[in-house]
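Everything below concerns the one structure shown next.
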Amino acid sequence: MADPTTQSAQISCAMNTSSTKESTYYVMELVYWRDPKKSAVAFGMSLLVLLSLATFSVISVVSYMLLALLCVTITFRVYKSVIQAVQKSGEGHPFKALMEKDLTVQPEIFQKYVDVCLTYVNLAINQARQLLLVEDLVDSLKLAGFMWLLTYVGAVFNGITILILTDIIFFSTPLVYERNKTQIDQYIELIRTRVEVTLAKLQDKLPGAVKRTKAE
C-alpha cells in the first residue's frame with residue numbers, strides 16, 4: 001500500500017502540472033490570436049495600463065480605473081432604478097446575480113497556485129546560484145555579457161518603456177513567427193550555430209583548471 005504522504009505529493013504534483021498546462025494553453029490562445037476579440041481586449045487593456053503608468057503614478061492609474069468602474073456601475077444602477085420605478089417592476093438590484101456569486105478564493109486553489117509559483121521560484125534561485133557562483137564559467141560569461149548589454153538598454157529606455165515594448169512583442173512576435181516559421185528557423189539556427197562555435201573556441205582557450213563540462 002502506498003504511503004499517504006507520497007500519494008498526496010503525487011496528487012499535488014499532478015494538479016500543479018494540470019494547472020500549468022491550462023494556464024499555458026490560455027496564454028498561447030491569446031498571443032496567437034485564436035480568438036481575435038479576446039486577444040484584442042487583453043492587448044488593448046495591458047497596453048493602456050502600461051501607457052497610463054508611463055504618464056501617471058501607480059496611485060493615479062489605480063484611482064482612475066476604480067473611478068471609471070464606479071462611474072459605470074453607479075450610472076447603470078441609477079438607470080435601472082429609474083426604469084424599475086417608471087415600469088413599477090420588482091426586478092431588484094441590477095447586480096444581484098454578481099453579488100450572490102461566490103468570489104472567495106478556496107484554500108486548495110490558492111495553495112495550488114502557490115505551489116506552482118514556489119516551483120518556479122526555487123528553480124530561479126538554484127539557477128541564479130549556479131550562475132553567480134560560477135558553477136560553469138561559460139554560462140556565467142553568457143550572463144555577464146547579457147547584463148552588459150542590458151546596461152546599454154537601461155541607458156536608453158526606462159522600465160515602463162521596456163514593459164510597453166515587451167507587451168507589444170509578446171502579442172505580435174508569436175503570430176509573425178507562426179506565419180514565417182521556416183525562414184525564421186533558418187536564421188535562428190544560423191545564429192545558434194555561430195554562437196556555439198564562438199563559445200567552443202572561447203572554452204578551448206580557457207586554462208584547463210577552469211574548464212568545466214555539463215557532465216561534471
Side-chain angles (χ1 to χ4, degrees), residues 2-32 34 38-39 41-43 45-54 57-59 61-62 65-66 102-175 177 188 192 195-196 199 210 212-216:
D3 185 6
T5 304
T6 303
Q7 288 182 339
S8 177
Q10 291 175 346
I11 293 173
S12 176
C13 181
M15 291 175 62
N16 292 341
T17 303
S18 176
S19 175
T20 303
K21 288 181 178 179
E22 290 177 1
S23 301
T24 303
Y25 175 78
Y26 182 73
V27 172
M28 295 299 288
E29 288 286 301
L30 285 178
V31 299
Y32 280 101
R34 303 304 187 204
K38 290 184 179 180
S39 297
V41 170
F43 177 54
M45 291 298 297
S46 60
L47 189 60
L48 178 61
V49 170
L50 291 174
L51 290 174
S52 300
L53 289 173
S57 66
V58 176
I59 296 176
V61 172
V62 173
M65 290 178 64
L66 293 177
D102 184 15
L103 298 179
T104 57
V105 179
Q106 300 300 321
E108 56 273 15
I109 296 177
F110 180 79
Q111 185 62 44
K112 179 176 66 174
Y113 284 103
V114 168
D115 291 342
V116 172
C117 293
L118 186 60
T119 300
Y120 287 109
V121 168
N122 288 332
L123 288 174
I125 292 174
N126 290 331
Q127 187 65 30
R129 179 181 61 184
Q130 293 171 5
L131 292 172
L132 295 177
L133 298 182
V134 199
E135 180 178 346
D136 186 285
L137 183 59
V138 175
D139 287 342
S140 296
L141 288 174
K142 291 179 184 178
L143 177 64
F146 181 68
M147 292 297 104
W148 178 70
L149 290 175
L150 285 184
T151 60
Y152 286 92
V153 174
V156 178
F157 305 105
N158 59 31
I160 292 296
T161 304
I162 293 175
L163 288 177
I164 292 173
L165 293 175
T166 302
D167 188 55
I168 295 174
I169 293 172
F170 184 72
F171 278 95
S172 60
T173 302
L175 192 60
Y177 174 75
I188 292 176
R192 187 183 66 82
V195 170
E196 288 181 351
L199 290 175
V210 298
R212 295 181 65 91
T213 62
K214 295 295 182 181
E216 295 175 347

Open item on the list: Looking at every non-hydrogen atom in both residues, tell me the closest pair between L50 and L163 and how far apart they are.
Closed with: CD1-O, 3.5 Å
Task: From L143 atom CG to L132 atom CG, the distance as rounded to the nearest 0.5 Å - done: 6.5 Å
Task: Atom CG of L123: over 12 foreign heavy atoms under 6.0 Å - done: yes
- [ ] Go through the steps to decide whether V105 and Y113 satisfy the test side-chain contact (heavy atoms from CB on, under 4.5 Å), and finish with yes or no.
- [x] CA-CA 11 Å; V105 179; Y113 284 103; over 6 Å; no
Open item on the list: Tell me if the CE atom of M147 is crowded by more than 12 foreign heavy atoms within 6.0 Å.
Closed with: yes
TODO: Would you give the length of the straight line joining atom CZ of F43 to atom CG of L30, rounded to the nearest 0.5 angstrom?
DONE: 12.5 Å
Open item on the list: Nearest 0.5 angstrom please: T161 OG1 to N158 CG, how far?
Closed with: 3.5 Å
Task: Residues forming a side-chain hydrogen bond (donor to acceptor under 3.5 Å, both in side chains) with S46, sequence neighbours excluded - done: D167
Task: Check ion pair E108-K112 (N to O, under 4.0 angstrom) - done: no
Open item on the list: If you define the side chain from C-beta out and look only at heavy atoms, does anything of L137 sit under 4.5 Å from V134?
Closed with: yes
TODO: Supply the atom-to-atom distance Y26 OH to K38 NZ, rounded to the nearest 0.5 angstrom.
DONE: 6.0 Å
Task: Interatomic distance, M28 atom CE to R34 atom CZ [nearest 0.5 angstrom] - done: 7.5 Å
Task: Pairwise distance CG(L175) to OG(S39) - rounded to 0.5 angstrom - done: 9.0 Å
- [ ] Take Q130 and N126 through the side chain to side chain donor-acceptor pair (under 3.5 Å) test and state the conclusion after the steps.
- [x] CA-CA 6 Å; Q130 293 171 5; N126 290 331; over 6 Å; no
Open item on the list: Closer than 3.5 angstrom, by distance alone: can the side chain of S140 be matched with the main-chain N or O of L131 as a donor-acceptor pair?
Closed with: yes
Task: Residue list, side-chain hydrogen bond (donor to acceptor under 3.5 Å, both in side chains) with D102, at least two apart or on another chain - done: T104
Open item on the list: Tell me if a side-chain donor or acceptor on T119 pairs with a main-chain N or O of D115 at a distance below 3.5 Å.
Closed with: yes
